[in-house]
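Bear in mind that the values here come from a model prediction, so they are computed numbers and not experimental data. All heavy atoms count here, side chains included; hydrogens, waters and symmetry mates do not.
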Amino acid sequence: RRPVSPPTKAPAAVARYTVGIDLGTSNTVVAFAAEGDDRIQLFEIDQLVGRGELAARALLPSLRYHPAAGELDAASLRLPWPDAPLAGAPPAVIGSFARELGAQVPGRAVASAKSWLSHAGVDRNAAILPWGAAEDVAKVSPVEASASYLAHVRAAWNARHPDSPLEAQDIVLTVPASFDEGARALTVEAARLAGLPRLRLL
């Protein structure tokens, strides 16, 4: 007689979501709905709101702050997920605390990256932001800046939904109607750099 194998446990069902991301000039906002559920919910995004102070907010200010060496204690900037910086991009504070720091030292803040994506008069893949910053300030391209906000959203979502990673969901990313084909392609490239290779533009 063949030995009877113990019954295998069925894998837990993985929730599926439709996720809408508005990568705004001033703020990034995320809304989602579970498959089969008509309710649309806002996703509150974990972010630094002060030194060592973390909070979940409905808005993620679309801002980067590039601190000077030794300006901020690394321990006070720790986020609740493993660091996953974009390859080649300098370290930065993103979100609410970046807005606060940038108000104090504007020359180290990257703002309006979305507007720069549609600025055909500059090389949008070149490290030009913060625009007009001093030479000792690390710089990123408009594409990298946009990617960093999306990467932050992805990390925050995945920390909250480890069994339903954002990159596996049905993602809709909004872009302005004024975006030309080049700006739209750069937006898709920013999403790819952030680890979100599959999405729809709206």
Of all heavy-atom pairs between [X] and [Y], which one has the smallest distance, and what is that distance?
X: P67; Y: P91; result: CD-O, 4.0 Å
X: L48; Y: S76; result: CD2-O, 3.8 Å
X: D37; Y: A33; result: O-CB, 3.9 Å
X: A194; Y: A151; result: CB-N, 3.5 Å
X: N27; Y: P61; result: OD1-CA, 3.4 Å
X: S148; Y: A145; result: OG-O, 2.6 Å

Side-chain heavy atoms under 4.5 angstrom apart, residues restricted to Ile, Leu, Val, Met, Phe, Trp, Tyr: same cluster for [X] and [Y]?
X: L101; Y: V49; answer: no
X: L196; Y: V175; answer: yes
X: V140; Y: V188; answer: yes
X: L79; Y: L77; answer: yes
X: L63; Y: L117; answer: no

Can you check whether [Y]'s main-chain N or O pairs, donor with acceptor, with [X]'s side chain at less than 3.5 Å?
X: Q47; Y: G95; result: no
X: H161; Y: D163; result: no
X: T18; Y: D170; result: no
X: D22; Y: V30; result: no
X: R108; Y: H66; result: yes
X: R160; Y: A155; result: no
X: S141; Y: E144; result: yes

Summary of salt bridge (Lys or Arg N to Asp or Glu O under 4.0 Å) pairs that have at least one residue in residues 53-72, sequence neighbours excluded:
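Not a single pair qualifies under salt bridge (Lys or Arg N to Asp or Glu O under 4.0 Å).
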So [Y] and [X], do their side chains get closer than 4.5 Å, heavy atoms only?
X: L23; Y: V153; answer: no
X: S164; Y: R16; answer: no
X: W157; Y: Y17; answer: yes
X: L150; Y: L173; answer: yes
X: V105; Y: Y65; answer: yes
X: I128; Y: V122; answer: yes
X: F179; Y: K114; answer: yes
X: T28; Y: I21; answer: yes

Stepwise, does the side-chain hydrogen bond (donor to acceptor under 3.5 Å, both in side chains) test hold for N158 with E167?
CA-CA 9 Å; N158 289 354; E167 56 270 26; 3.2 Å; yes
How long is the gap from [atom1] on [X] to [atom2] on [Y], to the nearest 0.5 Å?
X: F32; Y: L166; atom1: CZ; atom2: CG; result: 11.5 Å
X: R99; Y: L60; atom1: CZ; atom2: CG; result: 9.5 Å
X: L201; Y: I171; atom1: CG; atom2: CD1; result: 11.5 Å

Under the ring pair (Phe, Tyr, Trp, His ring centres under 6.0 Å) rule, what pairs show up with a residue in residues 130-150, not counting sequence neighbours?
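Sorted pair list: W116-W131.
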side-chain contact (heavy atoms from CB on, under 4.5 Å) evaluation trace for W81 with D46
CA-CA 10 Å; W81 50 76; D46 286 323; 3.9 Å; yes
Step by step, work out the side-chain contact (heavy atoms from CB on, under 4.5 Å) result for Q169 and V19.
CA-CA 7 Å; Q169 308 313 310; V19 182; 4.1 Å; yes
Going through the checks in order, is the side-chain contact (heavy atoms from CB on, under 4.5 Å) test met by V143 and L193?
CA-CA 9 Å; V143 172; L193 288 174; 3.8 Å; yes
If you count heavy atoms of other groups shown closer than 6.0 angstrom to CG of L54, is the number above 12?
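More than 12 heavy atoms, drawn from other residues, nucleotides or ligands, come within 6.0 Å of this atom.
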